[in-house]
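Computed from a predicted model, the values in this text were never measured in an experiment.
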Amino acid sequence: MIRLERVIKIYTDGTEAVREVSLEVGKGELCVLLGPSGCGKTTTMKMINRLISATSGKIYIDGMDNTSIDENELRRNIGYAIQDLGLFPHMTVGDNIGTVPALKGWPKAKRRKRAKELLELLRMDPDGFIDKYPRELSGGQRQRVGVARALGGDPPILLMDEPFGAIDPITRVGLQNEFLKIQQELHKTVIFVTHDIYEAIKMGDRIALMKGGRLVQYAPPADLLYRPKDEFVAGFVGADRGLKGLQLIRTKEVMWRSPPTAKPEEEVKAGRERMERQGIDWLAVIDDEGRFTGWVVSSNLERGQKVKEIMSTSAIVATRNAVLSEALSLMLTSGLNVLAIVDRHNRLEGVLTFQAIQEALREAAEEVTV
Amino acid sequence: MLAGWIVDHLWISLVAIGIGAILGVTTGIFIAGKGRERTAEVVLYFAEIMMTVPSLALFGLLMLLLSRMGLSAIGFLPAVITLIAYGQLPILRNTCTAIRHVDPAIIEAGRGMGMNERQLLFKIKLPLALPVIMAGLRNAMVLIIGIAAIAALIGAGGLGVPIFRGLRNARMDLIIIGGVSVSVLALLVDGLMALLERWITPKGLKG
Amino acid sequence: MRHQVILATLLTLLIGATVWVTSLGKVGIYSTFTYGDLLYSSWAHFKMVFIAVVIATAIGVPLGILVTRSGLEKLALPVIGGASVGQTVPSLAVIAIMAPLLGFGLQSAIVALVIYGLLPILRNSYTSIKTIDPAIIEAAKGMGLNRVQIARKIELPLARPVIMAGIRISTVITVGTAELAVLVGGAGLGKITLTGVFAREALIILQGAAPTAAMAIALGFLLEQVERWMTPRGLKQA
């Protein structure tokens, strides 16, 4: 879909921003350009929609040399979202999203319909937001509108320059998850620029790690983590690559699907037997509807006769789609070495153990190294 | 009599602001263009110096110039030219800086979505710069009305006529009529243009 | 650097023009003013401007700063707003109205010039203090500086260049406005210019106008240097 062939950018002042980068991004892939500031990632991205012209080399889009297409025509078919947003403050949310459709000459009603669709897609109330102005929105809402605007003309390709850069960490995680969900539906070909390795690992199908204008390694996230090509990659990935690997795995992949449980009205004795049989020191307590309510742990077994007398209630839970890093963090705050995985109605779906996390990480590392 | 002076005064001011606006805004847009930073600096500096030249002196210098060119050195023409010149600094400065100061991220977003330079100017830069440009025009208009009073000295008519006549003949009533009228006129036009400025500001920019 | 070249050229042209007209001796049926007249008028003009600006500064700076102090903030709007409205009133009107109020004479001229020159000084003094980043004041308070120390060590040094700019703008405006002060009994170069205007003799207008313009430009430049010199080094643009 997008192919860069020995692309070079040398600015008139002699700065070599990009040095012979070759790269291929397949249709529907999300390619992250990652690297420290000044590594040439943004320049590389901007050469794709020709906001910056390449000094030499070729960039093909769908097999067409991008310099053979009129630059404005080219840009209207490539969605573009940037960190500082650049939302037009004098236009409503609807008009902002409708910018490219307007440039393409769509009639007004069709533009408005499109804007509403996109707001819906980004989980914003279409009727509530379409006529608002950017300054009336929160930071997170603005980012959503920024993404919606990039999708406005339904372009097959999206360029995103740190699109979630300027917001607080919690909103950012939410937006990342939502974008991934949208991406599963839309299958856009995405070039995503970031300097945040966590974001890169989470978002990317492939990561292009750049340094000093060169492409150092272009590989899926797991390869980058467990098979760094050289010292620089290893250093950039960091000594805590095991922790970063936690971003790659979701709880549903490693959780214990039908874990041993207990009911509040049960005798403790029955529970103790179950624990001994399984060789574990905990039981998840669920009510009659299967909703998770708390834990029984082995050290408390002597304190009463019924489960409800000795259980400790807990509200710390995760969902099956949470990545292991989020789950682990919750587990650490709970003080236990198990975590309940529940569905929307708080019904227990499984249990994540600390051991399972360890094993998953070991496997992931081996898989790549072998 | 008074009505006549007011009409003359307004007419000369309106002609000057009309021509001055076209001239100043176009020049301002031009010098705000990319790669014209040095031109802009020189143009704005000249406009600034022009402002330090006392208005009476400017009228005088212009009379000299026009008479050398064989044109009428008194009356409407030199008055209007001087007023146009005087109004240029606020118009030029505001237009140029307002367009320059449009957030580069906004411009890049527009360019990235495939707007050409003309669309960028008319859809993004000008609407965003409009309130500041209007403020410049308002500023210029107040200046022009004030200096137009002095233009009576070179035979351009207007509310300066009763003032000068009163001063020369120690007719206090004429001085007060002229002085008060021209002040009220300036304040009134200033207020009207302030309203216009608010009205013209795009809704998304209002605080 | 480019600015200095433009300035020097302009000043040379203006002074050259003055000298040229003066050396003509006679224009049409009128004789030109002599060097003696010119020097006397220039000096009188400068004196009038100087007195007016000094008085305007003495009123404007303390008043502008005073209305930023806590407790007096309510006065800020009427004072600054009133001065703004005053600036909208044409200079000729301010000067002319002095005749019925105070009669003809130097005092009328100076009062008018003070009133008209007050706004830039007042407004700049006010904003110079108002626009100081509150975080800086907060930091100073946090380090234990008292109100007087904050005013002396933080506010004034930061406000000084802006106040100075107000004085410069006011001076340049006053030089020009002073041309008209002759109408109500003031002295200065306006006398020469107006003689030319009434005689409809452009060269004589030039004889008064050119040195006035030169004075405005020169004073503006000089005060800009003072302003630069007063700006704390950390605030100067590289």
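Surrounding CZ of F30(B) are at most 12 heavy atoms belonging to other residues, nucleotides or ligands under 6.0 Å away. Under a cut-off of 6.0 angstrom, the local environment of CH2 in W11(B) is sparse, with at most 12 non-hydrogen atoms contributed by other residues, nucleotides or ligands. Other residues, nucleotides and ligands contribute only 12 or fewer heavy atoms inside 6.0 Å of the CZ atom of R123(A). The local environment of CZ in F46(B) is sparse, with at most 12 non-hydrogen atoms from other residues, nucleotides or ligands closer than 6.0 Å.
At a 4.5 Å heavy-atom cutoff, K104(A) makes no contact with chain B through either its backbone or its side chain. Heavy-atom distances place both the backbone and the side chain of P89(A) under 4.5 Å from chain B. Residue I78(A) touches chain B through its backbone alone, counting heavy-atom pairs closer than 4.5 Å.
R75(A) CZ to M113(B) CE: the interatomic distance, rounded to the nearest 0.5 Å, is 11.5 Å. We find the CD-CD1 distance between E108(B) and I82(A) to be 5.0 Å, quoted to the nearest 0.5 Å. How far CZ of F88(A) is from CG of L205(B): 13.0 Å, rounded to the nearest 0.5 Å. Atom CG of D131(A) is separated from atom NZ of K203(B) by 8.0 Å, given to the nearest 0.5 angstrom. Distance check: L128(B) CG to H90(A) NE2 gives 4.5 Å after rounding to the nearest 0.5 Å.
The heavy-atom pair separating G86(A) from A109(B) by the smallest distance is O-CB, 3.5 Å. Between N116(B) and N72(A) the shortest heavy-atom distance is CB-ND2, 3.2 Å.
The shortest distance between side-chain heavy atoms of M91(A) and I124(B) falls below 4.5 Å. A heavy-atom distance below 4.5 Å is found between the side chains of M115(B) and T99(A).
Among the candidates N49(A), D70(A), V100(A), L51(A), the residue making the largest number of heavy-atom pairs closer than 4.5 Å to chain B is L51(A).
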